[in-house]
Number of protein chains: 2
Amino acid sequence: MTVISHQSIRQALLGRIQSGEWALGSRIPGETDLATEYGCARTTVNRALQALADEGLVVRKRKGGTRVCQTPVRQAKFEIPILREQVETAGSNYSHRLVCNKLKRPPPPVRSRLHIPAGGKAAHMQTIHYADSSPFAYEERWVNTQAVPEILTTPLGEISVNEWLVKMVPFSSGDVVFSAVSADEKIADALEIEVGAAIFVIDRTTWLDDAFITTMTLYYKEGYKLYSQL
Amino acid sequence: MTVISHQSIRQALLGRIQSGEWALGSRIPGETDLATEYGCARTTVNRALQALADEGLVVRKRKGGTRVCQTPVRQAKFEIPILREQVETAGSNYSHRLVCNKLKRPPPPVRSRLHIPAGGKAAHMQTIHYADSSPFAYEERWVNTQAVPEILTTPLGEISVNEWLVKMVPFSSGDVVFSAVSADEKIADALEIEVGAAIFVIDRTTWLDDAFITTMTLYYKEGYKLYSQL
DNA sequence: TATGCTATTATGTATGCACATAATAATTTC
DNA sequence: GAAATTATTATGTGCATACATAATAGCATA
């Protein structure tokens, strides 16, 4: 026993949960009991239990005590890929081409997602991302120029919209939707594949506080996979 | 200000990061300074900063101090859906049909994923999941009978393999891979759709400590979307 | 019996303190 | 002057304590 700590206690508790010693939904000993059992302060046990609670493995209630979670919600975490990194870690050369960049009226679904007033305009961009010289992903994006007016005066040749936004509003919130679609002609054309191929799609909307910044759809080339951990 | 706490401090610090007051990669004041500024103990600031570090917003180093993360890794979290719940929360009736349940030699990729010795066998199952009476998802699964021999003597009529496993080894680890494929004949047949339709696929392997339990591929009906949050 | 107060219990949170640890800066030693 | 040693600094971790808070159990009163 080199180190004693909240981590090792967390580990020990996890083991007892995984082994089934404490059944699903059953109440586990109180903090004070565990503290004496492991020979440490209650604070330390508290930290360990809090960690397990954060991970969704146990549920804690005042007075009610701590219980093993009834329905173990399997939460997966993954990193939203940054295209350039993704390509470069694969050992290829990243580049991109801005196919279109116009200010125009967004279609209703986009308008409502970005909270743009009726009749208002937004910047519309289409980008093809390349790994070496073959297309890797096709991006369709709308940017709310109310929220980030600087986008209009930025030369988007060298730096991609994506990277520009990451620099400008790095800590925004957002939601992400994954799905699969068949490539229509536009997508097939951009990715240089057959119409009808199965395409992995990431749909993403980003905001900062009350300002809706951008919504984007990313179509990956066939065969793309997204890895994640439980 | 009703409550002072690590949470509100975390919030305040988050605001200063988001607003750009502290630039990307820049060093932020030390714990002691922040403690005096917010009028609380260093421990409390520590908790707030630890939380931000867990979320990947800041990087902390001994002596080096705390810095705003240079490349804000956008981590998304989502809950692995449980089919029954998914169907039932949509207001439909869940049911499933076990199409196949045989003990046989798995193909090499499955064999290596489940760490089954050469020539060894595993249980192979195919299940169709229904929402009301129309197919919703098609599941292909291999179970390592070495790890969970009980599966062989369980009547898998009423309870699905999925639910049985959740009950038996609820807190296992695993990895998940998402992708898109075109429906081949087998899948199209099971889901009662056209061959070639774009299908969202979840591939999942589950283990507990050293025991590899099961690997599963889940093919969702067209139009399925997976939601997630940043 | 119904209602309202009080005690108990288990977790939640904050504090002050002490010491550990890692990285760097300053100083000493050869 | 280079290398080894020591000091300093900022975070990491643990402990004892105190009080807050939520939910329940028990009791008491009308």
Side-chain angles (χ1 to χ4, degrees), chain A residues 1-17 21-73, chain B residues 1-17 21-73:
Chain A
M1 182 81 98
T2 49
V3 205
I4 351 164
S5 74
H6 55 122
Q7 290 221 19
S8 58
I9 291 177
R10 183 195 152 280
Q11 205 58 36
L13 297 174
L14 181 63
R16 292 169 82 167
I17 289 171
E21 178 182 336
W22 293 325
L24 279 184
S26 71
R27 185 168 164 179
I28 74 177
E31 292 186 344
T32 23
D33 293 349
L34 290 170
T36 50
E37 181 181 339
Y38 287 104
C40 67
R42 185 174 75 89
T43 324
T44 308
V45 173
N46 184 296
R47 275 184 79 169
L49 284 171
Q50 292 250 18
L52 290 174
D54 284 346
E55 295 164 48
L57 289 168
V58 299
V59 180
R60 320 194 71 198
K61 258 191 0 198
R62 279 184 173 148
K63 169 69 181 181
T66 304
R67 304 180 160 275
V68 179
C69 194
Q70 195 91 45
T71 57
V73 184
Chain B
M1 183 78 97
T2 49
V3 206
I4 352 163
S5 73
H6 55 119
Q7 291 221 22
S8 58
I9 291 177
R10 183 195 152 280
Q11 205 60 34
L13 298 174
L14 181 63
R16 293 169 82 168
I17 291 171
E21 177 183 338
W22 293 326
L24 280 185
S26 70
R27 184 169 164 179
I28 74 177
E31 293 186 344
T32 21
D33 295 347
L34 290 171
T36 50
E37 180 182 340
Y38 287 104
C40 66
R42 186 173 76 88
T43 324
T44 309
V45 173
N46 184 295
R47 274 185 80 171
L49 284 171
Q50 292 248 15
L52 290 174
D54 284 346
E55 295 164 48
L57 290 169
V58 299
V59 179
R60 320 194 69 198
K61 259 192 358 198
R62 282 182 174 152
K63 167 71 181 179
T66 303
R67 305 182 159 274
V68 179
C69 194
Q70 195 92 42
T71 57
V73 184

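Because only heavy atoms are used, hydrogens play no part in the values below, and waters and symmetry mates are left out as well, while side chains stay in. Note that the structure is predicted; figures quoted are calculated from it, not measured. Every chain is numbered from 1 and lettered A, B, ... according to where its sequence line falls, protein lines coming before strand lines.
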Encode nucleotides 21-27 of chain C as B, S and - characters from 5' to 3', where the letter depends on protein heavy atoms closer than 4.0 Å: B to the base, S only to sugar-phosphate, - to neither.
BSBS---

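Taking for each of A:Q50 and A:G65 the nucleotide of DNA chain C with the nearest heavy atom, the 5'-most of the two is the partner of A:G65.
For B:A48 against B:I9, the heavy-atom pair with the smallest separation is CB-CG2, 3.8 Å. Across all non-hydrogen atoms, the minimal contact from B:C40 to B:V45 is SG-CG2, 3.7 Å.
Whole-Å rounding puts the B:Q7 CD to C:dT13 C1' distance at 10 Å. Counting to the nearest Å, the P atom of C:dT11 and the CZ atom of A:R42 are 8 Å from each other. Note: CG (B:N46) to P (C:dA20) measures 18 Å, nearest angstrom. Distance CG (B:D33) to C1' (D:dT9): 12 Å, rounded to an integer number of Å. Rounded to whole Å, atom P of D:dC15 lies 10 Å from atom NE2 of A:H6. In this structure, A:I9 atom CD1 and D:dC15 atom P are separated by 7 Å, rounded to whole Å. When rounded to the nearest whole Å, the span between CG of A:L34 and C1' of C:dA10 equals 12 Å. In this entry the distance linking CG of B:L49 with C1' of D:dT11 reads 10 Å, nearest Å.
Among residues two or more places apart in sequence or in another chain, the side chain to side chain contact (heavy atoms under 4.5 Å, CB included) test is passed with B:S26 by B:W22, B:A23, B:V68. Partners of A:R47 under the salt bridge (charged side-chain N to carboxylate O under 4.0 Å, His left out) rule, at least two apart in sequence or in another chain, do not exist in this structure. With sequence neighbours excluded, the residues that form a side chain to side chain contact (heavy atoms under 4.5 Å, CB included) with A:A53 are A:V58, A:R60. For A:R67, the side chain to side chain contact (heavy atoms under 4.5 Å, CB included) criterion is met by A:R27, not counting sequence neighbours. With sequence neighbours left out, the side chain to side chain donor-acceptor pair (under 3.5 Å) criterion links B:Q50 to B:N46. With sequence neighbours excluded, no residue satisfies side chain to side chain donor-acceptor pair (under 3.5 Å) with B:T44.
If you check residues 22-32 of chain A against DNA chain D, you find no residue with a heavy atom closer than 4.0 Å.
For C:dA10, neither phosphate oxygen OP1 nor OP2 lies less than 4.0 angstrom from any side-chain nitrogen or oxygen of A:T66.
With C:dT15, D:dT11, C:dT13 as the choices, the nucleotide that has an atom nearest any side-chain atom of B:C40 turns out to be C:dT15. Between D:dC15, C:dG16, C:dG12, one nucleotide has an atom nearer to the side chain of B:A41 than all others, and that is C:dG16.
Counting non-hydrogen atoms under 4.0 angstrom, A:T44 reaches the backbone sugars and phosphates but no base.
Screening residues 32-41 of chain B for salt bridge (charged side-chain N to carboxylate O under 4.0 Å, His left out), with sequence neighbours left out, gives B:R16-B:E37.
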